[in-house]
Amino acid sequence: MKERTTPKLTVVGAGPGDPDLITLKAIKAIKNADVILYDALVNADLLEYASPKAELIFVGKRRGCYAYQQEQINDLIVARAKSHGHVVRLKGGDPFIFGRGAEEIDHVRQFGIETYMVPGISSSLAVPAYQGIPLTKRGSSESFWVITGTTKAHTISSDVALAAKSTATVVILMGMGKLEEIVSIFSSEGKQKTPIAIIQNGTTKDEKFGVGTIETICNVVKEKQLANPAIIVIGEVVEKRVQLDSIFKEVNTQPELISA
């Protein structure tokens, strides 16, 4: 009979989609997990690191359909930690950047459960990089904003209007449903000619890319049929893209699992 382990939660960032973009510390946590609760944007290849004895539970959402509501996920973490031991909450990107990782930790701490955090590579950084877009570049951008396009109240973030007044690169997550509003805000600041890029399914073999200006991007989206999950990048750095060879041109596109 397995000795009961101390109830423990490790919130783990799975990175933006490419399974190679995960840390060794994250892999060690996955291997050590008794239960893994994973989201829809987590690459399924990462679950191959899990112990054959681990319980794998999908708790994400697809096309607005929730497998579990957030309150149910919170309760499930507590219940499995008490009954099984080590729960890994595997979340896309970095769990502390619009990932509710802090909310889940706050909840389970009330029950005396040990909590740990393994950061992940945020999609806000990695996805533009895979398209050769530097978020900062001397002479073009001295800072960048990362903003959620849709708030908890399902409205556009007021920070978008503040960012539109700046010279910073603006990265908007979860903003495709608010694209027309975003375009209107930037246009009102006289930025119709500002370059903008939209990257769908970034860092994966299904990646799609569209580039234009504030005044043309809605037509680009229609032409290329871009949709969620996607990241919006606004700023002069979009024109400063460097040319990269695609890693997906390699003969072996399946990443080799790392022993850790």
Could you see if [X] belongs to whatever hydrophobic cluster contains [Y]? Use Ile, Leu, Val, Met, Phe, Trp, Tyr and a side-chain cutoff under 4.5 Å.
{"X": "V118", "Y": "V87", "result": "no"}
{"X": "I214", "Y": "V211", "result": "no"}
{"X": "L9", "Y": "L90", "result": "no"}
{"X": "I182", "Y": "V146", "result": "no"}
{"X": "L47", "Y": "I73", "result": "no"}

Got a list of side-chain donor-acceptor pairs under 3.5 Å for residues 95-108, not counting sequence neighbours?
residue, atom, partner, partner atom, Å
R100, NH1, Q70, OE1, 3.2
E104, OE1, R89, NE, 3.2
E104, OE2, Q70, NE2, 2.9
E104, OE2, R89, NE, 3.2
E104, OE2, R89, NH2, 3.4
E104, OE2, K91, NZ, 3.3

If you take all heavy atoms of [X] and [Y], which pair is closest and at what distance?
{"X": "S123", "Y": "P128", "result": "O-CD, 3.5 Å"}
{"X": "T6", "Y": "E114", "result": "CG2-OE2, 3.5 Å"}
{"X": "A26", "Y": "G13", "result": "CB-O, 4.2 Å"}
{"X": "V220", "Y": "G210", "result": "CG1-CA, 3.9 Å"}
{"X": "A197", "Y": "I133", "result": "CB-CD1, 3.9 Å"}
{"X": "I30", "Y": "A50", "result": "CG2-N, 3.8 Å"}

Legend entry - Full working for side chain to side chain contact (heavy atoms under 4.5 Å, CB included) between E55 and I36: CA-CA 6 Å; E55 181 182 13; I36 299 175; over 6 Å; no

How many angstroms lie between [atom1] in [X] and [atom2] in [Y], if you round to the nearest 0.5 Å?
{"X": "I77", "Y": "F111", "atom1": "CD1", "atom2": "CZ", "answer": "11.0 Å"}
{"X": "N219", "Y": "E223", "atom1": "CG", "atom2": "CD", "answer": "8.5 Å"}
{"X": "R80", "Y": "D75", "atom1": "CZ", "atom2": "CG", "answer": "12.0 Å"}
{"X": "E236", "Y": "S140", "atom1": "CD", "atom2": "OG", "answer": "7.0 Å"}
{"X": "I27", "Y": "Y49", "atom1": "CD1", "atom2": "OH", "answer": "4.0 Å"}
{"X": "Q192", "Y": "F186", "atom1": "CD", "atom2": "CZ", "answer": "12.0 Å"}

Side chains of [X] and [Y]: closer than 4.5 Å at any heavy-atom pair?
{"X": "I234", "Y": "I232", "value": "yes"}
{"X": "V127", "Y": "Y130", "value": "no"}
{"X": "L179", "Y": "C218", "value": "yes"}
{"X": "V238", "Y": "I196", "value": "no"}
{"X": "V35", "Y": "V88", "value": "no"}
{"X": "D18", "Y": "N43", "value": "no"}
{"X": "V233", "Y": "I231", "value": "yes"}
{"X": "P134", "Y": "V242", "value": "no"}

Can you tell me if [X] uses its side chain to pair, donor with acceptor, with the backbone of [Y] under 3.5 Å?
{"X": "T148", "Y": "T151", "answer": "no"}
{"X": "Q200", "Y": "A227", "answer": "yes"}
{"X": "D94", "Y": "G120", "answer": "yes"}
{"X": "S122", "Y": "G93", "answer": "no"}
{"X": "H86", "Y": "N32", "answer": "yes"}
{"X": "Q72", "Y": "Y68", "answer": "no"}
{"X": "T216", "Y": "G212", "answer": "no"}

Inset, instruction - Using the side chain to side chain contact (heavy atoms under 4.5 Å, CB included) rule, take V12 and Y38 through it: C-alpha gap first, then chi angles, then the decisive distance, then the call. - result: CA-CA 10 Å; V12 175; Y38 65 99; over 6 Å; no

Side-chain donor-acceptor pairs under 3.5 Å in residues 156-177, sequence neighbours left out?
residue, atom, partner, partner atom, Å
S157, OG, D159, N, 3.1
K165, NZ, E189, OE2, 2.9
S166, OG, A163, O, 2.7
S166, OG, A168, N, 3.2
T169, OG1, L135, O, 2.8
T169, OG1, S141, OG, 2.9

Inset, instruction - Applying side chain to side chain contact (heavy atoms under 4.5 Å, CB included), run through K82 and V78 and close with a yes or a no. - result: CA-CA 6 Å; K82 289 184 175 181; V78 173; 3.9 Å; yes

Verify the neighbour count for atom [atom1] of [X]: are there more than 12 heavy atoms of other residues, nucleotides or ligands below 6.0 Å?
{"X": "E180", "atom1": "CD", "result": "no"}
{"X": "K208", "atom1": "NZ", "result": "yes"}
{"X": "Q225", "atom1": "CD", "result": "no"}

Legend entry - Stepwise side chain to side chain contact (heavy atoms under 4.5 Å, CB included) test for T115 and T10: CA-CA 6 Å; T115 52; T10 305; over 6 Å; no

Inset, instruction - Answer yes or no on whether K8 is positioned over the face of Y116, meaning its NZ or CZ is under 6.0 Å from the six-membered ring centre and within 45° of the axis. - result: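 Output yes; distance and angle both within limits.
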
